[in-house]
Protein chains: 2
Amino acid sequence: MIKITFPDNSVREYEQGVSSIDVAKSISGGLAKQIIAATINGEDIDANMPINQDSTIQLHKWGSKEGKHAFWHTSAHIMAEALEILYPGVKLGIGPAIENGFYYDIDLPEGTSISDKDFPKIEKKIIEIARGKHVLQRTEKSKEEALEYFTEKGDEYKTELISELEDGTITFYSQNNFTDLCRGPHLPNTGLIKAVKLLNIAGAFWRGDEKRKQLTRVYGISFPKQKLLTEYLTMLEEAKKRDHRKIGKELELFTFSQKVGQGLPLWLPKGAMLRERLENFLKKVQKAHGYQPVIAPHIGLKDLYVTSGHYEKYGADSFQPINTPAEGEEFLLKPMNCPHHCEIYKHKPRSYKDLPVRYAEFGTVYRYEQSGELHGLTRVRGFTQDDAHIFCTPDQLKDEFKKVIDIVLYIFKTLDFENFTTQISLRDPNNKDKYIGSDENWQKAEAAILEAVEEKGLKTIIEEGEAAFYGPKLDFMVKDALGRSWQLGTIQVDYNLPERFELEYIGSDNKKHRPVMIHRAPFGSMERFIAVLIEHTAGKFPLWLTPEQAVVLTISEKYNKYAEKVAQELNILDIRTLIDDRNEKIGRKIRDNELKKIPYMLIVGENEADTQTISVRKQGQGDLGTMKISEFATYINNEVKKELGN
Amino acid sequence: MIKITFPDNSVREYEQGVSSIDVAKSISGGLAKQIIAATINGEDIDANMPINQDSTIQLHKWGSKEGKHAFWHTSAHIMAEALEILYPGVKLGIGPAIENGFYYDIDLPEGTSISDKDFPKIEKKIIEIARGKHVLQRTEKSKEEALEYFTEKGDEYKTELISELEDGTITFYSQNNFTDLCRGPHLPNTGLIKAVKLLNIAGAFWRGDEKRKQLTRVYGISFPKQKLLTEYLTMLEEAKKRDHRKIGKELELFTFSQKVGQGLPLWLPKGAMLRERLENFLKKVQKAHGYQPVIAPHIGLKDLYVTSGHYEKYGADSFQPINTPAEGEEFLLKPMNCPHHCEIYKHKPRSYKDLPVRYAEFGTVYRYEQSGELHGLTRVRGFTQDDAHIFCTPDQLKDEFKKVIDIVLYIFKTLDFENFTTQISLRDPNNKDKYIGSDENWQKAEAAILEAVEEKGLKTIIEEGEAAFYGPKLDFMVKDALGRSWQLGTIQVDYNLPERFELEYIGSDNKKHRPVMIHRAPFGSMERFIAVLIEHTAGKFPLWLTPEQAVVLTISEKYNKYAEKVAQELNILDIRTLIDDRNEKIGRKIRDNELKKIPYMLIVGENEADTQTISVRKQGQGDLGTMKISEFATYINNEVKKELGN
């Protein structure tokens, strides 16, 4: 008998050689049917593999990350089988599961091609194979056997891969009439796959090397229920409409220029103003929380980043050093604001009475990304962090953490991100040597984060071993209106930089101490946050943030002059107001502006001009009656205050 | 007889060989005595040199730049003679006139040294020589003669200089017992120099080459009247007190770090907030004038700057290109914001109806300066321009110029720079080929600037030939409280970049046209402007700008709690308020805070705590009586509004 330990620490005994599915069956038959894969002693394996020793177990259903991974990996294998049937002679590269679905890189036979017109017949073939409920057979192969199999099959991509593997580590997976080189894990059988959709075709160089052959990458996704596929496709459709690149262009928020460079956004006036409103919003909160602004340059001597360790980290893969006419002088574009803030901390001696010091900067940093990795505002080469660094005593850590959490929660609430979770990353308790900082300080910091999160009543996942080597951290993940998860704010403890920069304060004991540093960025970056905000709101920003708050609609051109007066007065009162003086019927103007989702329509005709008033309509809600211009301004300002919780 | 044309275009006839002094004498004897040098046909020459052909003439008195230059150049020669007398065997490098005074680089004989203790005896010797009223004799020498003279004298620095000159271009100047290699021009005689002061000693490598010998540079200044020297020294003393580097440190506005790099300011909280207030002030004015904010990255592909021409201009002497892991990809730190703004202009098609487009950005740019050139905030390697680019039709140019002038004048008025002049730089009418842009457009632009300046009633100097090759411009020079001149705002027309970036708009004729571009920066840069502002105000900023507006003084510690309440309420109302709760007598606190120049002192004791009031004292003016906290806030806000002219 062997002992199996469950995630809740309960232990059951089983016969040696029991499979994870058997273990699930021993709990309930219903559960067993849903099990896709398992993690045994930390290793992801097939659900039907035998367990031969005392083990910890996690059973994975569709809902888990590991479950989806196995599900989509098997789907890739089935797609490969379907393609072999439909395109005899096709050669196969690699076919992994990815974040949403799977792909396979294929080398089509001379003279054949594939397009989205072919998707339905491939999907049909995949489902046909899946319905066979074929078991996924895992077999271990010697290197010689493995090479022999694919040499005979005539698949030089696989033989190339195998030639680089160690003998004794090679496994094949087979289903139906198809066998692939693979580590697994896979589904117990193909029958779990009920719905599949091919999504896209792209070119992909073999092994990412542009000097080698370009293969065809076929993307797909699959589900255990047709309904889930339908929901996913609806979500995809909706996501397309909300794509921040599309909306950003429509609303004229930002643009890119090939001449300036990829991944370097140019903020257009409406975007720049929106960004400024967001920054001012955060500045105000931060001021109330005792933050002080600082401003640092966008470059620093290379030595600054050698001291901080960033040169070692970002060096080779990033923007290279900037030489100057002075021999040996080298600067770097800053990838982080912290080294500069450490130097600012050091500009004068500090006493414990001065702490905490909280330096905030909307600091633009530059990090090189491969051009293929760039994506709208979410993956860029230059971005502005809503950065701040708190320098405090170890005893102040918990309080400071709670204050930062307050700021993050206020932001999420104001911007309507109701659905969020947090993750606490702690050090690996079995590998304490890997981390910098004293054991006592780590204990203090981890306890501080755990207590702070508990006191604030946050839903959280605790991940041991996920801390950076320099300190534990707390991350915030929000779900947007489509249920997609985004990592936004982060709060990170750091024992490393204070050490490297030899930061000090004089304690109440009159001795020198090292402060602790907290890095925090509630938005993450302005670019990424605005991208997420656009996709979350589909570009319908809250009133306080939206580029256009009101539009004046004239009943006829006789009232254009009065409309101008209204718009001008409102703009002076900081109500962002446009005029629609097109020569159109008022009904048409109302319909058009309803579609544009400008929050307020202000109708002006004879009555309004005579009485110096406006007739106010709220977008999506209709008539609010007649108001004086100043009344409307007060009304809007109150609405904004409500949104901001003032 | 020859014809001499005066600056007012009047013409007089003289004998051939007449000197400038003779010409002056023909006007008045008093004038002749004041003439130091002259410019004949554009060339600066000695006032006693003969004029042999029809010429234009400008006569230079002490008041002119050219006059001072000759005055100080002669002073340098006399100092050299004095040093030769006092330090026999001294060898001479170069000895030019500079912006304020002159210097001579000398190589002292082995075993001798010079310090400021020696200054009085050298000054005495200089005056002694000057009083001899020695005539400055100019002689032309062949290269051979010149080399022979200095070889015999044993001065290898001069022989090195001569060896690089063309034969036939070499002139010597002699006075009393001293002869120097020199181009001139010089004073007619040494007697004009009535007062001299040596200022400073520094090391200077021969020919600026750190591999060659370090010479001793002796700085001095001289005047035609003792009173002018006294005034200058008083000004220097006052300037030292107002040095923005000193005040910036005392007020904790900014700092530098050797690790970040020279010439890269780090703005401390008080400085960052002050800068933000200045930026917000300008943003508000600009918004009212129809400017739109944009935000661009701090780098761009090298090709962007090849297109703009900046690579050619800044290339070799500046920050070098930034390589990336992608082969051949090169970025540059931006030395200017204009190329990015051109790309933003180009992001969509433009119609004449959209113009003018006015893009504003507080854009941080990087330009390499030699480390020896760096000076506090006035000469830095990274600075933030209050930049904007106006894209307009040629017909809109004058109006746009007037609007920019309005902004500059509003800023000068609000910040108390009452004393300013402007300079219009036009193209050289005799070299029209040197300039880009059509003759018609240049005429239009120059007329637009001239008319705009006249309509605004500005004092101006018109300089022909001083325009950049791409367009005419208008510069603003302000005099600070010490009478020192600073170049601040600039407005520059540009025909070049629209051409290079192929900017277009569709005109009312439905054809494509090039817009004209205006570059403008009323502050110049935040760094330079704040430096000038500090030196102008000696750190006593206007109320709306000053880091600390009020300080609460407690009569005894019993009222500390009430003082905190007062400070907190005022800070919430955006009145920047400190507390002085030191255990000192109130009289002492008032005196100390008077010295700190915080504009308002708020005294709280029993009475005030009981009645929830404060006793208000205005710095330098005394008691303003008792007020409620909110009354004081209103009072301050009104004072600020007055300052800002709202």
Side-chain angles (χ1 to χ4, degrees), chain A residues 252 254-261 264-273 275-276 283 288 292-301 303-304 307 316-326 329 331 333 339-341 343-344 346-348 359 361 364 366 368 370-371 381-382 384 501 572, chain B residues 252 254-261 264-273 275-276 283 288 292-301 303-304 307 316-326 329 331-333 339-340 343-344 346-348 359 361 364 366 368 370-371 381-382 384 501 572:
Chain A
E252 297 197 74
F254 57 88
T255 188
F256 289 91
S257 143
Q258 287 302 316
K259 226 173 168 95
V260 169
L264 296 171
L266 298 166
W267 290 85
L268 301 172
K270 282 181 197 171
M273 286 188 263
R275 206 178 121 159
E276 196 178 327
K283 277 182 190 171
Q292 296 181 301
V294 292
I295 305 171
H298 304 91
I299 56 173
L301 284 171
D303 187 42
L304 181 73
T307 298
D317 297 330
S318 194
F319 290 107
Q320 294 304 295
I322 305 163
N323 294 302
T324 76
E329 193 177 46
F331 289 90
L333 272 175
H340 287 88
H341 291 189
E343 286 293 300
I344 295 177
K346 281 183 87 165
H347 93 278
K348 63 173 182 182
Y359 285 147
E361 178 172 19
T364 306
Y366 293 87
Y368 193 76
Q370 298 294 332
S371 78
R381 287 177 172 170
T384 302
F501 279 92
I572 287 171
Chain B
E252 297 197 72
F254 57 88
T255 188
F256 289 92
S257 142
Q258 286 303 316
K259 230 178 164 91
V260 169
L264 296 169
L266 298 166
W267 290 85
L268 301 172
K270 283 181 197 169
M273 287 188 261
R275 204 177 122 159
E276 196 178 327
K283 278 181 188 170
Q292 296 181 302
V294 293
I295 305 171
H298 303 92
I299 57 174
L301 284 171
D303 188 42
L304 180 73
T307 299
D317 297 329
S318 193
F319 290 107
Q320 293 304 295
I322 304 164
N323 294 303
T324 76
E329 192 176 46
F331 288 90
L332 281 179
L333 273 174
H340 288 87
E343 284 299 293
I344 295 177
K346 279 183 89 165
H347 93 277
K348 64 173 182 183
Y359 286 148
E361 177 173 21
T364 307
Y366 294 87
Y368 192 74
Q370 299 294 333
S371 77
R381 287 176 174 172
T384 302
F501 280 92
I572 287 171

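Chain A is the first sequence line, chain B the second, and so forth, proteins listed ahead of strands; every chain is numbered from 1. All values derive from a computational prediction rather than experimental measurement. Just so it is clear, the values below take in all heavy atoms, side chains as well, and ignore hydrogens, waters and symmetry mates.
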Any non-hydrogen side-chain atom of A/Pro269 less than 4.5 Å from a side-chain atom of B/Tyr359?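 Yes; the side chains approach each other to less than 4.5 Å.
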I'd like to check B/His347 versus A/Leu266 (side-chain heavy atoms, cut-off strictly below 4.5 Å). Are they in contact?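 Side-chain contact under 4.5 Å: no.
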Chain A contact via [X] - which portion, at a heavy-atom distance below 4.5 Å:
{"X": "B/Ser318", "result": "backbone"}
{"X": "B/Pro265", "result": "backbone"}
{"X": "B/Leu333", "result": "side chain"}

With sequence neighbours excluded, tell me which residues meet ring pair (Phe, Tyr, Trp, His ring centres under 6.0 Å) with A/Phe319.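 So A/Phe319 forms a ring pair (Phe, Tyr, Trp, His ring centres under 6.0 Å) with A/Tyr368, B/Phe331.
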Report the option among [options] that has the most heavy-atom pairs separated by less than 4.5 Å from atoms of chain B.
{"options": "A/Gly300, A/Pro325, A/Gly261", "answer": "A/Pro325"}
{"options": "A/Thr364, A/Ile299, A/Thr255", "answer": "A/Ile299"}
{"options": "A/Asp303, A/Val260, A/Val294", "answer": "A/Val260"}

State, to 0.1 Å, how close B/Pro293 and A/Ala272 come at their nearest heavy-atom pair, and which atoms those are.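 Closest approach of B/Pro293 to A/Ala272: O-CB, 3.5 Å.
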Can you name the closest pair of heavy atoms from A/Gln258 and B/Leu301 and give their distance?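 Looks like O-CD1, 3.3 Å.
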Approximate separation, where rounding is to 0.5 Å, of B/Glu343 CD and A/Leu264 CG: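 B/Glu343 CD to A/Leu264 CG: 12.0 Å, rounded to 0.5 Å.
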Between atom CD of B/Gln370 and atom OG1 of A/Thr324, what is the distance when rounded to the nearest 0.5 Å?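 Atom-to-atom, B/Gln370:CD and A/Thr324:OG1 are 8.0 Å apart.
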Using a cut-off of under 4.5 Å on heavy-atom pairs, state which of B/Leu268, B/Ile572, B/Ile344, B/Asp317 scores highest against chain A.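 Among the listed options, the one with the most contacts to chain A is B/Leu268.
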Just give me the residue among B/Arg381, B/Lys270, B/Glu361 that pairs up with chain A most often, heavy atom to heavy atom, under 4.5 Å.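 If we count pairs closer than 4.5 Å to chain A, B/Arg381 comes out on top.
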Measure the acute angle between the ring planes of A/Tyr366 and B/His298, then classify it against the limits of 30° and 60° as parallel, tilted or perpendicular.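 Aromatic pair A/Tyr366/B/His298 classed perpendicular.
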Suppose we screen for salt bridge (charged side-chain N to carboxylate O under 4.0 Å, His left out). Which residues come up paired with A/Lys346, at least two apart in sequence or across chains?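 For A/Lys346, no residue satisfies salt bridge (charged side-chain N to carboxylate O under 4.0 Å, His left out) once neighbours in sequence are set aside.
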